[in-house]
Number of protein chains: 2
Amino acid sequence: MADYRVPRDDMQFLLQDVFQVEQDWARFPALEDVDMDMATAIIDEAAKFTETVIAPHARAADEEGVRFDNGSVTTPEKYKENFQQLAAGGWVGVTANPEFGGMGLPKVVSAQYEEMLCAADISFSLYPGLTAGAIIAIDAHGSDELKSLYLPRMTAGEWTGTMCLTEPHAGTDLGIIRSKAEPQEDGSCAITGTKIFITGGEHDLTENIVHLVLAKLPDAPAGSKGISLFLVPKFLPDAQGNVGERNSLECGSIEHKMGIHASATCVMNFDGAKGWLVGEPHQGLPAMFTMMNYERLGVGIQGLGAAARSYQNALEYAQDRLQGRGEKATREMDKEADPLIVHGDIRRMLLTMKAFVEGGRAFSSYVGQQLDIAKYSDDANEKKRADALVALLTPIAKAFITDTGYETTVIGQQVFGGHGYVREWGQEQLVRDCRIAQIYEGTNGIQALDLLGRKVAGSRGELLKPLLADIQALLAEPVPELATEYAQLEQAVARVSEVTEQVLGQVMQDENVINSVAVEYLHLLGYVIYGYLWLRMAKTAQPLLAERPYLSSKVKTAKFFMARLLPRVESLAAAVEDGSQSLYLHELSEF
Amino acid sequence: MADYRVPRDDMQFLLQDVFQVEQDWARFPALEDVDMDMATAIIDEAAKFTETVIAPHARAADEEGVRFDNGSVTTPEKYKENFQQLAAGGWVGVTANPEFGGMGLPKVVSAQYEEMLCAADISFSLYPGLTAGAIIAIDAHGSDELKSLYLPRMTAGEWTGTMCLTEPHAGTDLGIIRSKAEPQEDGSCAITGTKIFITGGEHDLTENIVHLVLAKLPDAPAGSKGISLFLVPKFLPDAQGNVGERNSLECGSIEHKMGIHASATCVMNFDGAKGWLVGEPHQGLPAMFTMMNYERLGVGIQGLGAAARSYQNALEYAQDRLQGRGEKATREMDKEADPLIVHGDIRRMLLTMKAFVEGGRAFSSYVGQQLDIAKYSDDANEKKRADALVALLTPIAKAFITDTGYETTVIGQQVFGGHGYVREWGQEQLVRDCRIAQIYEGTNGIQALDLLGRKVAGSRGELLKPLLADIQALLAEPVPELATEYAQLEQAVARVSEVTEQVLGQVMQDENVINSVAVEYLHLLGYVIYGYLWLRMAKTAQPLLAERPYLSSKVKTAKFFMARLLPRVESLAAAVEDGSQSLYLHELSEF
């Protein structure tokens with residue numbers, strides 16, 4: 001695999017010029033020490049770390065994988081050392097609460113670091129990634145005792161965290177989980193049950209692992225309203241946080257998977273393990289969603305990282321590999337063939353990748369900025385608006401960045417021809433590693449249901465308004481050089497409004513309509529959002545071209561996106577318009 | 001992985017009712033012994049063989065893979081025994097010349113068998129598949145001596161065949177190969193060079209392997225017009241076909257790949273190996289294309305087989321797995337949840353799979369029928385028309401069936417949620433195995449270039465006419481129950497004609513336009529062809545519904561395809577209309 005190079009210029013352009021996040025930070029007391037220079041320094045440091053320490057081992061780690069032996073899991077050779085270096089750099093707690101040792105940086109900066117770590121090695125990124133999510137859930141819902149005992153260790157990367165939701169018979173449908181929590185006299189609970197697909201459930205990177213486990217208390221109401229959240233450590237710490245007795249839980253086996261071979265996906269057996277309630281009884285699902293929402297953007301960023309890496313590799317290959325002849329005027333007749341990049345179809349593939357990658361980076365930054373406003377703003381209206389945007393955009397960010405990210409990695413493999421199918425080049429690993437991001441943390445189908453059902457229909461369309469207002473604000477200030485593209489976006493937005501109204505009109509009569517069109521609806525909105533972000537980037541770049549000529553690429557890629565990818569809106573809208581009609585013609589015996 | 005069950009009813013429906021192939025066979029002297037009863041018997045026999053002998057070992061074979069040791073390749077445990085059984089059943093020579101021991105069956109029947117073999121195990125299917133292609137090339141271009149010496153052994157499955165085209169620096173661009181052929185006094189040539197990505201280049205299944213190798217004679221003109229084709233056996237046979245001395249060629253290593261782990265993908269080193277010219281000097285590429293065209297439909301069928309298997313598995317899982325609740329009227333409240341299949345998004349996924357699988361099966365049968373007409377008809381006009389259809393449809397069959405097949409296997413993995421990512425369920429293997437079919441035998445981008453450049457633009461649109469005539473013939477006989485769907489197809493066909501004219505108008509002014517829109521154009525045509533085939537199936541089913549009620553599924557799936565998948569035509573047409581415009585804005589430094 002080619003060396004990884006962090007796209008620092010693009011990240012800088014997004015933070016400084018497109019989203020002008022420094023203006024936000026200046027207004028927020030908690031971020032008064034953060035400025036663009038500091039963000040740049042963090043990005044540079046993260047780039048150095050991911051480029052030179054993490055990325056070089058991803059290929060070998062895929063081959064080595066994780067090994068399971070009698071309850072223990074061994075990670076690839078370099079992981080332990082690299083994890084220690086990551087922890088020592090403070091990278092586990094980039095956004096975490098400074099009270100417990102976190103850096104307290106804005107999410108919009110962390111999003112850049114997360115992309116780098118995922119581009120370098122998705123498997124590796126999951127150990128600190130899940131830990132960061134667990135820290136947030138404990139910080140938001142845990143008791144002061146739990147926080148002061150666990151958060152400093154976790155933030156320092158001395159202990160890692162997991163989320164234990166899925167059971168063999170209960171994946172998407174958490175209401176039917178069977179794990180039980182029996183209250184004990186000392187205030188703890190005895191947790192019993194089997195959890196599957198637990199990322200980092202067992203490993204050899206740290207001295208302790210802190211499991212966040214969903215289970216049902218004896219008096220729990222049926223269904224998803226009877227689920228509680230528990231903190232269950234692998235080793236029980238004493239009051240000073242020294243690791244003590246082993247808890248009654250064990251890794252029963254690990255999964256053999258398509259990809260993320262170096263991430264341990266564990267079956268975890270809890271056998272009366274000691275755990276402590278996090279948050280209120282029966283409120284486990286909302287508490288877990290604090291973590292899930294954070295993780296969902298993080299999973300979107302996994303798709304982005306894989307896509308970004310694949311694009312870099314494909315571009316380099318297309319520039320180096322000589323094959324066939326381009327148009328007459330550009331032929332290099334002293335060589336036996338021209339580089340792949342002269343061919344129209346190769347350019348189509350590269351530009352599709354580029355449009356999805358840079359669009360996805362803009363999207364994750366946009367959501368990151370809104371998360372920061374929601375968290376740090378003192379202005380109630382601004383905060384409310386940002387909360388609404390985050391609620392709407394999170395499922396789209398998770399699903400659309402991973403769906404387009406997967407498409408990107410598959411294209412990146414195609415650019416390599418047969419070499420893309422061979423392991424040594426690394427392009428197929430990115431496909432395999434990226435694929436899981438469409439599945440876990442709520443499948444992309446579930447994200448779509450959340451978007452259209454809970455968010456859009458659930459608010460009778462209200463939640464769409466801040467997004468549409470942002471888009472209208474851009475459209476209200478036309479740029480002559482981008483007149484065609486403005487018109488294209490305007491048309492696409494009109495189409496979204498049209499089909500949204502139609503779906504909202506059907507909801508009362510048709511129980512099935514939401515889940516019948518949700519995925520296409522999410523994609524429809526995704527393309528419009530990328531269209532908006534591409535125009536916003538192009539518009540931002542336009543006056544800067546003289547000063548920074550490389551930004552001309554932004555304007556050109558925006559034109560490409562509008563001409564070749566935004567038209568997908570048409571076919572998606574047509575599918576949404578069909579409603580549930582053609583999906584419920586078949587009797588069960590007719591499939 | 002669930003047991004494989006061959007969809008015999010659907011195959012029977014296609015052959016007997018939709019394409020009425022018996023009427024063809026009755027007219028063709030060479031096929032006078034073939035009838036529907038015989039075809040049904042063959043399909044039943046092939047079904048039994050693939051279901052019970054081949055399919056059960058595919059999962060284990062993926063885990064075992066092929067092993068390389070000092071020039072030798074060991075295939076998975078059961079492969080040798082299974083290959084012998086396949087050979088003994090005459091399956092290598094299903095369509096081969098009866099003069100050399102082949103069954104001489106129509107391709108439209110063989111296509112069904114090939115689908116089964118690929119659905120059962122793509123890796124395994126490649127050993128007989130390449131052999132069947134090599135048999136065709138030798139039969140068409142070899143000398144009588146070569147034919148009588150090699151074809152009986154190969155047809156009997158005693159020896160296998162390969163095609164050796166790619167070199168490290170030359171994949172798509174075969175004009176720049178460096179392998180050399182030095183004429184020898186005995187009439188043979190000494191072949192020297194390195195070939196890569198050679199499927200079945202070395203293995204332990206048979207006593208000999210017959211390589212068809214592209215190389216350049218000393219007086220060869222530069223480029224693709226200077227390539228000759230040679231037959232180069234691993235062991236040199238005596239005049240009676242007894243295996244003798246080892247030839248100077250060796251497998252240098254095998255590739256470690258994303259999938260088809262049990263297929264040996266070899267680096268082959270030829271070091272003055274003895275070979276014999278097949279066909280005329282410098283006419284190797286056209287000769288190889290005899291094989292390639294056959295293989296290209298075969299590769300399309302690989303995509304179909306993987307997709308068909310994935311659909312079966314996903315359907316079974318969606319019927320069994322209980323998760324969440326469907327609409328009120330259908331809830332099974334005695335169970336803790338309803339089966340997945342009640343959910344709209346699951347139905348969308350299953351129907352998309354079903355529409356692509358049965359559409360692909362119809363397409364491969366349609367092309368198979370035309371191949372048979374081209375090969376066996378005595379009527380020059382009919383033959384010419386079939387030849388034209390085959391030329392047009394072959395690249396579409398290769399690329400569109402594999403692209404939609406890959407989409408299908410990815411969806412089939414998604415239906416399984418997390419279990420789809422775990423190896424033991426087999427869904428991820430189908431994704432990995434299917435992926436190569438979009439790459440080899442000419443990438444799908446190259447197929448698109450062949451379609452739009454050589455076939456459509458090269459004939460100034462003439463080659464499209466027989467296809468459009470077939471579609472118009474269907475549209476000319478409307479069916480009241482399918483009025484909406486007829487209108488949808490009509491509109492899509494009009495769109496194809498529109499953009500075809502536009503592209504043909506640009507060709508003279510713009511060298512880049514063909515390769516800039518070829519892939520979207522191929523997909524556009526692919527959706528229209530599937531639309532045509534779905535309507536043709538629905539129309540055929542309509543009057544048979546009383547007699548065979550299960551055919552109602554055909555009508556309903558046709559409606560689904562038209563409502564939800566055919567609209568993709570719109571976005572594809574818009575992309576084609578953009579021409580090369582947005583692909584050539586970027587300077588090389590701006591990527």
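Quick note on labels: first sequence line is chain A, next is B, and so on, each numbered from 1. Atoms considered below: every heavy atom in the structure, side chains included; atoms not considered: hydrogens, waters and symmetry mates.
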Worksheet item: Quick one: what part of A/Glu255 sits under 4.5 Å from any heavy atom of chain B, side chain, backbone, both or neither?
Response: side chain

Practice prompt. For A/Asp338, enumerate each residue passing the side chain to side chain donor-acceptor pair (under 3.5 Å) test, keeping only those at least two apart in sequence or located in another chain.
Written response: A/Arg325

Worksheet entry | Residue A/Lys354 versus chain B: region with a heavy atom under 4.5 Å | side chain

Response to the item:
Bottom line for A/Gln581: the part with an atom under 4.5 Å from chain B's heavy atoms is neither

Worksheet item: chain B heavy atoms under 4.5 Å from A/Leu315: which part of the residue, side chain, backbone, both or neither?
Response: side chain

Practice prompt. In sequence, state the C-alpha distance, the side-chain angles, and the governing distance for A/Glu577 and B/Arg564, and then conclude on salt bridge (Lys or Arg N to Asp or Glu O under 4.0 Å).
Written response: CA-CA 9 Å; A/Glu577 283 172 337; B/Arg564 299 287 282 229; over 6 Å; no

Practice prompt. Could you tell me which portion of A/Lys328 (side chain, backbone, both or neither) has an atom closer than 4.5 angstrom to a non-hydrogen atom of chain B?
Written response: both

Practice prompt. Let me know if A/Thr557 has heavy atoms under 4.5 Å from chain B in its side chain, its backbone, both or neither.
Written response: both

Discussion item. Testing the 3.5 Å rule here: is there a donor-acceptor pair between the side chains of B/Asp578 and B/Ser582?
Written reply: yes

Worksheet item: Non-hydrogen atoms of chain B under 4.5 Å away: do they reach the side chain of A/Phe561, the backbone, both or neither?
Response: neither

Worksheet item: What residue in B/Thr443, B/Ile176, B/Val513 has the most heavy-atom pairs under 4.5 Å with chain A?
Response: B/Ile176

Worksheet item: Taking 4.0 angstrom as the limit, do A/Lys556 and B/Glu590 come out as a salt bridge?
Response: yes

Worksheet, complete the sentence: Per-residue tally against chain A (heavy atom, under 4.5 Å) across B/Pro339, B/Ala318, B/Ser516, B/Ala518 peaks at B/Ser516

Discussion item. Would the distance check show the side chain of A/Gln447 and the main-chain N or O of A/Gly442 forming a donor-acceptor pair, the cut-off being under 3.5 Å?
Written reply: yes

